[in-house]
Amino acid sequence: MFSKILIANRGEIACRIIRTARRMGIATVAVHSDADAGALFVREADEAVRIGPAPVGESYLRGDRIVEAALATGAQAIHPGYGFLSENPGFVDLVTAAGLVFIGPSAASIRAMGLKDAAKELMEKAGVPIVPGYHGAGQALVLLAGKAREIGYPVLIKARAGGGGKGMRRVEHPDGFADALASAKREAKAAFGDEAVLIEKYVEKPRHIEVQVFGDNFGNAVHLFERDCSAQRRHQKVIEEAPAPGMTAEMRAAMTDAAVTAAKAIGYSGAGTIEFIVDASEGLRPDRFWFMEMNTRLQVEHPVTEMVTGVDLVEWQLRVAAGEKLPLSQDEIRLSGHAFEARIYAEDPTRDFLPAIGTLHHLKFPASGAEGSSIRIETGVRQGDAISPFYDPMIAKLVVHAGDRASALDALVDALESTEVAGSTVNTAFLAALARDPDFSAGDVDTGLIARRQAALTAIAQPSPASVAAAALAASGASLLKTGADPWDALAGYAHWSPVRRTVTLAYGESETIAAVHAKAGRLLVEIDGAERSVPPASRVAVWPGHVTVFEGSVAHSFKVPDPFADAADAGGGAGSLRAPMPGLVKVVRASAGEHVSKGQALLVLEAMKMEHTISAPHDGEVAEIVAEGQQVTDGAVLVRFVET
Ligand code: ADP
Ligand code: ADP
Ligand code: MG
C-alpha cells in the first residue's frame, strides 16, 4: 500500500479522500489555489502545496504543477477526485510518465469512454443497449436537422464531450432545432473546448438509473447495485438514492449484467459508473433501459452506495490502484436498507436555481440521525468560509440511511430541517419540499418531476409572525453582537435597561416591518403594528452583517436590517439599474440603448459558473445604457441602466 498520496482536488471530495487515507495510515498531500489557502481540506491534509491563482485553468487544471508537487513531496500516487482532471487521459499519461500511480482507470479506458459518441459505438458492439439516435462525425446543420427528424421529436442534443448536464438541449419541434443547436454548441465550446454533438431520442418518462461498477487489474469486475438519480434540475442531480424505488429482481439483473459487460468490454480497473436512461412509462421493464454514458471516476453520489453496501469505495480505489485484488466477490456484496443523498447548494431555487455566492456566516449541520437511521455530512466548508464564484457552489451533501425507503426519507427531511445556513441563499427548503412531494415519496420519480412541480417546490411560505418577532428581537440586540455569537446570550443583559425601547426596521423581500422591542416586568416583548408578540424560546436565529436569519423548519428566512448610516452611501447605485447577480462573461446582448423593453424580456445572457443565465428586465422601461458583448463583469456591476422616469 502507498504511504503517501496527493489529492488533485478540493472541497468536500478532498476531505472525503483524506478521511479514508488517514484511517488506512496513508499520509496526504493537498494542492490548492490561492482562493483555497485557508480551506478545510488544506487544513486536514498532512501537507499542502500551492499550485496557482484561483481560476481553475491556473490551478486545479494544471496537471504539470500537480505532478511536480507530488514528486516534490514524495507522494507515490494521485487521487483525482471527481471533476477537474479526473477524466483527463492526458493527465493520466503525465502521472504515469513521472513514475507515479493514477488512482483510477487507465488512460485507455478513459479515452474509450471519454466522448459519448465513441462510447456508444463501443457499447453497441459489446451488446449493451444504447439510446437510439445519431452519433456520427458529420456536424452540418442540415444533416443534424435531418437526423433529428428521422429520430423523431422530441430529441435531445448533447455535447459529445459533455458532463454535468452542460451542452444539452431538449428540442420539442423542428422549428426550435437550429437555435437549440447553436446554443448547445456555444455552451459545449466554452465548457469543453469541443462543440461536436450527438442527437438522441428523448426518452419518455425518463428515469436515470446508474450502476456502480468496480474492476481490478486481474480482470475481475463486480457491481455494487444501482442508484436512482432521477431527481434533476437542468439535467443535474439533486437527490440521489439507493436502491432505485420499484426495482425488480429481473430489471436489476438485466441492468447490472449490462453494466458489468460494459466494464469488462474495456478491461476496466477502479471505480466507475454506468449511467442508463430508463423509459418508465410502463414501469421498470428489462427491455426499456439504454446505456447513456460511463463516468470513469468516483461519482459525487457514491456515498449512497457506501451506505447500503457497507463498502468504502475510496478504500477500494486505493487498494486496487496499489495492485490488490477486489476485496469482495460479487456474492459477498449485499444490499442493506435504503440511503438518500441531498446536495445542499448555494443557489436560489426561486430564481431558476441561479448559483449564489457569499460567506457562510452561520453553518450548522445535524449531529446525529433520528433513531434507527444514520446520517453522514460530506462537506468541505466551515462556518465563516466563502462560497466563491470560482468553483462549484456545493456546500454539503447530506447522506442518510435507514432500514427502508420511507424511514430514510423521514430522516432526510429531519436532517434538512435541522440544517442551518446563513450568509448565502441555499436550496434546503426546496430539497425538503421535494422530499415531501407525494410522487417523490411514493417512488414515482422521473427526470421531469422537478420541472413540472417547480412552482410548488420553490414556493417559500412567508415567515410566521413568531419568526418576525424573533428576527426583530435579535436585530434589536444585533448592534451588541459579534457575528456568530448566540443572540439570546447577548440579550441577557437587555432587561436591565427596562426603560429602553428600541425600534428596528426589518426588510423582507419588498416589504418592511417596523418593530419596537422593550422590556416589561423582566420580559422582552416585541410590538409590531400595535400588537404585542412574544418570541418562542426555541426560535433558531443567526445574526450576520446587516442581516438576521430565522430558521423555520427547512426554510431560512433572511431579513435585512438596514443600517441607517450605510444607507445614504448606497443610494447612488440607482434603482434604475440592473446589476450582475454574480461575476461572469456577457455572452449575448439582446437589447440596445434607446430601446423600450417590457418586464420579463430577455436583455442579455451572462455566462457564469460554466452555465448560461438569461438576465431579464425587472420592469418596463427604456434602456439608457447596456454592457457590451464579450465583457467580463464583476459581482454587482451595472449591466443595464434604465432611463429615469
Ligand atoms: P456525478 O455525475 O458524479 O453525479 P454531477 O453530474 O453532479 O456528477 O457533476 C458532473 C460533473 O461536474 C462532475 O463530474 C464534475 O466534473 C463536475 N463537478 C461537480 N461538482 C464539482 C466540484 N465540487 N468540484 C469539481 N468538479 C465538480
Ligand atoms: P452528462 O455527461 O452531462 O451527465 P448524460 O448523458 O449523463 O450527460 O445526461 C444527463 C441527464 O440528461 C440524464 O441524467 C438524463 O436526465 C438526461 N438525459 C440524457 N439523455 C437522455 C435521453 N435520451 N432522454 C431523456 N433524458 C435524457
Ligand atoms: Mg451523466
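Counting starts at 1 for both ligands and their atoms, in listed order. Side-chain atoms are counted along with the backbone in the values below, which use heavy atoms only and exclude waters and symmetry mates.
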Q | Element-labelled atoms of ligand 2 that are located less than 4.0 Å from some non-hydrogen atom of V131 | A | 23 (N)

Q. For ligand 2, which atoms sit closer than 4.0 Å to a heavy atom of H208?
A. 13 (C), 14 (O)

(Q) Distance under 4.0 Å to a non-hydrogen atom of Q232: what atoms of ligand 2 satisfy this? (A) 11 (C), 13 (C), 14 (O), 15 (C), 16 (O)

Q. Does some side-chain heavy atom of Y202 sit less than 4.5 Å from a side-chain heavy atom of V155?
A. no

Q. For the Mg ion (ligand 3), what is the closest N, O or S atom on E293?
A. OE2

Q. Taking atom types as modelled and ignoring hydrogens, do the side chains of Q454 and D352 form a donor-acceptor contact shorter than 3.5 angstrom?
A. yes

(Q) List ligand 2 atoms under 4.0 Å from G165, heavy atoms only on the residue side. (A) 1 (P), 3 (O)

Q.
Quick check on contacts: which atoms of ligand 2 are under 4.0 angstrom from a heavy atom of E200?
A. 20 (N), 21 (C), 22 (C), 23 (N)

Q. Does E275 put an N, O or S atom under 2.8 Å from the Mg ion (ligand 3)?
A. yes

**Q.** Trace of the salt bridge (Lys or Arg N to Asp or Glu O under 4.0 Å) decision for E187 with R169
**A.** CA-CA 10 Å; E187 197 170 289; R169 295 289 182 280; 3.0 Å; yes

Q: Taking the six-membered ring of F440 (Phe, Tyr or Trp), confirm whether the NZ or CZ of R405 is under 6.0 Å from its centre and within 45° of its axis.
A: yes

Q: State the atoms of ligand 2, each with its element, that fall below the 4.0 Å cut-off from a heavy-atom position in K201.
A: 22 (C), 23 (N), 24 (N)

**Q.** Heavy-atom pair of closest approach, residues D437 and D439
**A.** OD1-N, 2.9 Å

Q: Verify the distance criterion only: is there a donor paired with an acceptor across the side chains of E607 and Q632 at less than 3.5 Å?
A: no

Q: Please indicate whether any nitrogen or oxygen in G164 is less than 3.5 Å from any nitrogen or oxygen in ligand 2.
A: yes

(Q) With rounding to the nearest 0.5 angstrom, report the NZ to CZ distance, K120 to R160. (A) 13.5 Å

**Q.** Min heavy-atom dist K237 to ligand 2 below 4.0 Å
**A.** no

Q: For K116, take its heavy atoms, then give the atoms of ligand 2 lying under 4.0 Å from any of them.
A: 1 (P), 2 (O), 5 (P), 6 (O), 8 (O)

Q: Take K205 and E282 through the test salt bridge (Lys or Arg N to Asp or Glu O under 4.0 Å) and record every step on the way to the result.
A: CA-CA 9 Å; K205 193 157 196 223; E282 294 174 86; over 6 Å; no

Q: Could you tell me which atoms of ligand 2, counted from 1 in the order shown, lie closer than 4.0 angstrom to a heavy atom of G162?
A: 2 (O)

(Q) Could you check whether E87 and T296, counting side-chain N and O atoms only, form a donor-acceptor pair closer than 3.5 Å? (A) yes

Q: With atom 27 (C) of ligand 2 as the reference point, say which of L156, N295, T447 has the nearest heavy atom.
A: L156

